[in-house]
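Below is one structure, written out as structure tokens; comments come after it.
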Amino acid sequence: MKAVVSITLDDVFVVHDIKIIEGEKGLFIAMPARKAADGEYKDIAHPINTDTRDMIQRIILEKYEKTLEDLNDDLPVQY
């Protein structure tokens with residue numbers, strides 16, 4: 001896991017605990033989930049269709065990468 005993020009939709013609805021995970025094929029997001037009685041994890045909030053999921057993932061990952069760049073720009077240069 002690389003990060004945990006929250007998103008706000010249209011300034012009226014927030015989703016917390018979205019995880020950014022590094023998998024074999026690169027970064028992806030995992031929506032917030034809760035462990036069910038059977039031991040499996042079930043999403044408690046998630047997009048209804050693939051296009052929306054892809055849009056949310058793209059925006060989150062772009063912001064994550066930009067944040068990393070900004071943090072690296074703020075680090076002192078060592079020689």
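Residue numbers start at 1 and run along the sequence shown. Worth knowing before you read on, the calculation uses all heavy atoms, side chains too, and leaves out hydrogens, waters and symmetry mates.
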Legend entry - side chain to side chain contact (heavy atoms under 4.5 Å, CB included) assessment of V5 paired with K63: CA-CA 10 Å; V5 302; K63 181 66 175 175; over 6 Å; no
Inset, instruction - Using side chain to side chain donor-acceptor pair (under 3.5 Å) as the criterion, list what pairs up with N49, not counting sequence neighbours. - result: T52
Which heavy atom of [X] sits nearest a heavy atom of [Y], and at what distance?
{"X": "K42", "Y": "A36", "value": "CG-CB, 4.1 Å"}
{"X": "H16", "Y": "P32", "value": "O-CG, 3.4 Å"}
{"X": "A3", "Y": "Y64", "value": "CB-CE1, 3.9 Å"}
{"X": "I60", "Y": "I20", "value": "CG2-CD1, 3.8 Å"}
{"X": "I29", "Y": "Q57", "value": "N-OE1, 3.0 Å"}

Inset, instruction - State whether the number of non-hydrogen atoms from other residues, nucleotides or ligands found under 6.0 Å of F28 atom CZ is greater than 12. - result: yes
Inset, instruction - Mark yes when over 12 heavy atoms from residues, nucleotides or ligands other than D38 sit less than 6.0 Å from its CG; otherwise mark no. - result: yes
Legend entry - Partner residues of E62 under the salt bridge (Lys or Arg N to Asp or Glu O under 4.0 Å) criterion, sequence neighbours left out: R58
Inset, instruction - Could you tell me which residues satisfy salt bridge (Lys or Arg N to Asp or Glu O under 4.0 Å) with E69, sequence neighbours excluded, listed by chain and number? - result: none
Side-chain heavy atoms nearer than 4.5 Å, only ILVMFWY residues, links allowed to pass through others: does that put [X] and [Y] together?
{"X": "M31", "Y": "L9", "result": "yes"}
{"X": "F13", "Y": "I18", "result": "yes"}
{"X": "I59", "Y": "V14", "result": "no"}
{"X": "L61", "Y": "I7", "result": "yes"}

Legend entry - Donor-acceptor pair, side chain of D10 and main chain of V12, under 3.5 angstrom: no
Inset, instruction - First locate atom NE2 of H46, then atom CD1 of I56, and finally report the distance between them rounded to the nearest 0.5 Å. - result: 11.0 Å
Inset, instruction - Look up atom CD in E22 and atom NZ in K2, then write down how far apart they are to the nearest 0.5 Å. - result: 4.5 Å
